[in-house]
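Reading through the structure tokens given below for one structure.
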Amino acid sequence: MKCQERNVNVMLEEIKLDSPSVRLTDGGYEDSKAYCLYARKRYRKGEQVLLGYGTYTNLELLEHYGFLLDENPNEKTYIQLDSELCTMGTWPKDSLYIHPNGHPSFALLCSLRLWATPTNRRKSFSHQIYSGSMLSVENELEVLKRLGSKCVETLQQLPTTAELDGRLIHFLRNLQNSTSWRVDVEQSSFGQEFALFLRFHSVDVDCTQDQLPVRLLRSLERWELAVRWRCSYKIALTKCVLYCKRLINELSLQ
């Protein structure tokens with residue numbers, strides 16, 4: 001696991017658990033220059049110290065720590081929702097998301113059910129909606145069609161597809177292990193993207209150099225991570241579309 005380098009001073013301090021001022025967190029910024037970690041027990045010299053990153057999504061892990069998890073239980077996929085839907089009910093906006101398997105979160109599903117209910121009937125059906133129960137086949141069909149169409153709309157607005165991202169990931173991995181990067185670039189369909197990459201880094205690579213400089217290899221790693229994240233985002237939306245279509249077919253038979 002490779003973490004992005006950070007210019008912060010990390011201090012490990014011991015805290016007495018029986019102290020009247022027990023800290024509520026294991027770490028935090030004491031000032032603008034130091035991030036402090038606080039031990040909750042007395043460690044012996046040479047004993048391993050473990051640090052939990054917290055309940056972060058992959059985007060947060062990538063932004064703050066420079067890595068991704070293939071299976072992240074805290075992963076959430078967000079889409080642009082109508083302002084009315086975001087303010088409907090008592091659910092916070094960050095609870096309205098899609099799971100990696102394509103299923104809507106409990107709050108998002110309930111919000112959609114409330115949205116699909118006529119305004120004059122929302123109050124009388126709110127207790128049933130807040131319990132997570134399906135109101136009717138008609139209401140559920142409208143919910144699934146709306147969610148599926150929003151995911152399709154989001155995918156269509158993106159400049160690349162998951163398939164293209166997959167090919168780009170394969171290309172970037174090959175470059176990082178290549179002994180003749182020019183051949184790999186010429187044989188791929190990403191020559192223009194790689195030329196922009198070199199131009200962005202103001203690099204004029206020696207024509208006789210078969211391997212890329214270390215600095216560029218590190219940038220390629222970060223590029224790959226970014227593409228991996230956006231690819232997983234598209235895959236989650238695609239799974240949600242398939243999930244909605246499957247349930248629509250099942251409900252239509254009832």
Side-chain angles (χ1 to χ4, degrees), residues 1-6 53-80 97-105 147-148 150-207 209-245:
M1 184 180 297
K2 297 182 179 179
C3 297
Q4 190 176 16
E5 295 180 358
R6 296 169 59 104
Y53 285 97
T55 56
Y56 290 123
T57 64
N58 269 347
L59 183 58
E60 291 169 322
L61 289 175
L62 180 58
E63 179 181 4
H64 299 296
Y65 299 104
F67 70 92
L68 298 173
L69 295 177
D70 292 331
E71 295 185 10
N72 187 349
N74 304 305
E75 182 66 336
K76 301 173 183 177
T77 298
Y78 293 96
I79 56 175
Q80 187 68 39
Y97 61 87
I98 298 169
H99 292 285
N101 62 1
H103 295 193
S105 67
L147 178 59
K150 288 297 292 185
C151 290
V152 170
E153 179 183 332
T154 302
L155 286 168
Q156 291 175 342
Q157 292 175 347
L158 297 175
T160 61
T161 64
E163 180 183 1
L164 182 62
D165 287 344
R167 300 207 313 266
L168 180 55
I169 291 171
H170 180 72
F171 166 71
L172 294 175
R173 286 177 178 172
N174 282 345
L175 277 186
Q176 293 173 59
N177 299 297
S178 177
T179 55
S180 181
W181 63 270
R182 286 178 183 77
V183 175
D184 292 327
V185 172
E186 291 173 357
Q187 293 179 348
S188 76
S189 58
F190 299 105
Q192 184 176 359
E193 288 85 347
F194 189 72
L196 291 173
F197 169 79
L198 292 179
R199 193 177 308 134
F200 176 80
H201 288 83
S202 303
V203 172
D204 183 15
V205 181
D206 187 349
C207 293
Q209 191 173 359
D210 292 328
Q211 291 184 321
L212 292 169
V214 174
R215 181 168 67 90
L216 281 187
L217 290 176
R218 290 177 177 173
S219 293
L220 283 175
E221 290 179 4
R222 293 191 290 270
W223 186 4
E224 181 194 337
L225 286 171
V227 178
R228 280 177 55 194
W229 179 85
R230 79 185 192 196
C231 184
S232 66
Y233 178 83
K234 299 183 181 80
I235 291 174
L237 293 184
T238 302
K239 287 182 178 180
C240 187
V241 173
L242 297 175
Y243 169 80
C244 291
K245 287 182 177 180

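Values in this document were obtained by computation on a predicted structure and should not be read as measured data.
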### Message
So, taking the atom named CD in Gln176 and the one named CD in Glu221, what distance separates them when rounded to the nearest 0.5 Å?
### Response
5.0 Å
#### Entry: Close side-chain approach of Ser105 to Ile98, heavy-atom, < 4.5 Å
no
#### Entry: Contact summary for Cys231 and Gly166, nearest pair of heavy atoms
SG-N, 4.4 Å
### Query
Does Tyr233 reach the side chain of Thr154, with side-chain heavy atoms less than 4.5 Å apart?
yes
### Summary
Heavy atoms of Ala226 and Leu62 approach each other most closely as CA-CD2, 4.2 Å
### Query
Which residues satisfy the side chain to side chain donor-acceptor pair (under 3.5 Å) test with Glu153, sequence neighbours excluded?
none
### Validation row: Leu168, Arg173 side chains within 4.5 angstrom (heavy atoms)
no
### Task
Would you please test Leu175 and Leu216 for side chain to side chain contact (heavy atoms under 4.5 Å, CB included) and show each step?
CA-CA 10 Å; Leu175 277 186; Leu216 281 187; over 6 Å; no
### Message
Restricting to side-chain contact (heavy atoms from CB on, under 4.5 Å), what partner residues turn up for Tyr78, sequence neighbours left out?
### Response
Lys76, Asp94, Tyr97
### Task
Write down the atom of Cys244, the atom of Gly148, and the distance for their closest heavy-atom approach.
SG-N, 3.8 Å
#### Entry: side chain to side chain donor-acceptor pair (under 3.5 Å) involving Asp184 - partner list, sequence neighbours excluded
Ser178
### Message
Quick check against the 3.5 Å criterion: does Asn72 have a side-chain atom that pairs as donor or acceptor with the backbone of Leu68?
### Response
no
### Message
Applying side chain to side chain donor-acceptor pair (under 3.5 Å), can you list everything that pairs with Ser219, at least two apart in sequence or on another chain?
### Response
His201, Arg222
### Task
Applying side-chain contact (heavy atoms from CB on, under 4.5 Å), name anything that partners Pro100, two or more places apart in sequence or on another chain.
Glu75
#### Entry: Minimum heavy-atom distance Ala162-Ile235, with the two atoms named
CB-CG1, 4.3 Å
### Query
Minimum heavy-atom separation for Gly191 to Ser188, with atom names?
N-OG, 4.1 Å
### Gap between atom CG of Leu212 and atom CZ of Arg218 - 0.5 Å precision
14.0 Å
### Query
Can you check whether Leu155 reaches Thr161 side chain to side chain, under 4.5 Å on heavy atoms?
no
### Query
CZ/Arg230 to CD1/Ile169 distance, rounded to the nearest 0.5 angstrom?
8.5 Å
#### Entry: Qualifying residues under side chain to side chain donor-acceptor pair (under 3.5 Å), relative to Glu193, sequence neighbours excluded
none
### Message
Applying ring-ring contact (aromatic ring centres under 6.0 Å, His included), can you list everything that pairs with Phe194, at least two apart in sequence or on another chain?
### Response
Trp181, Phe197
### For Arg167, all residues meeting side-chain contact (heavy atoms from CB on, under 4.5 Å), sequence neighbours excluded
Glu163, Leu164, Ser189, Phe190
### Task
Would you please name every residue forming a side-chain contact (heavy atoms from CB on, under 4.5 Å) with Asn101, sequence neighbours left out?
His99, His103
### Query
Applying salt bridge (charged side-chain N to carboxylate O under 4.0 Å, His left out), which residue pairs with at least one partner in residues 231-245 are found, sequence neighbours left out?
Asp165-Lys234
### Message
With heavy-atom distances below 4.5 Å as the criterion, would you say the side chains of Asn174 and Gln187 are in contact?
### Response
no
### Task
Mind running side chain to side chain contact (heavy atoms under 4.5 Å, CB included) on Val185 and Phe171 for me, showing each step along the way?
CA-CA 8 Å; Val185 172; Phe171 166 71; 4.1 Å; yes
### Task
State, yes or no, whether a side-chain contact exists between Leu61 and Asn74 at a heavy-atom distance under 4.5 Å.
no
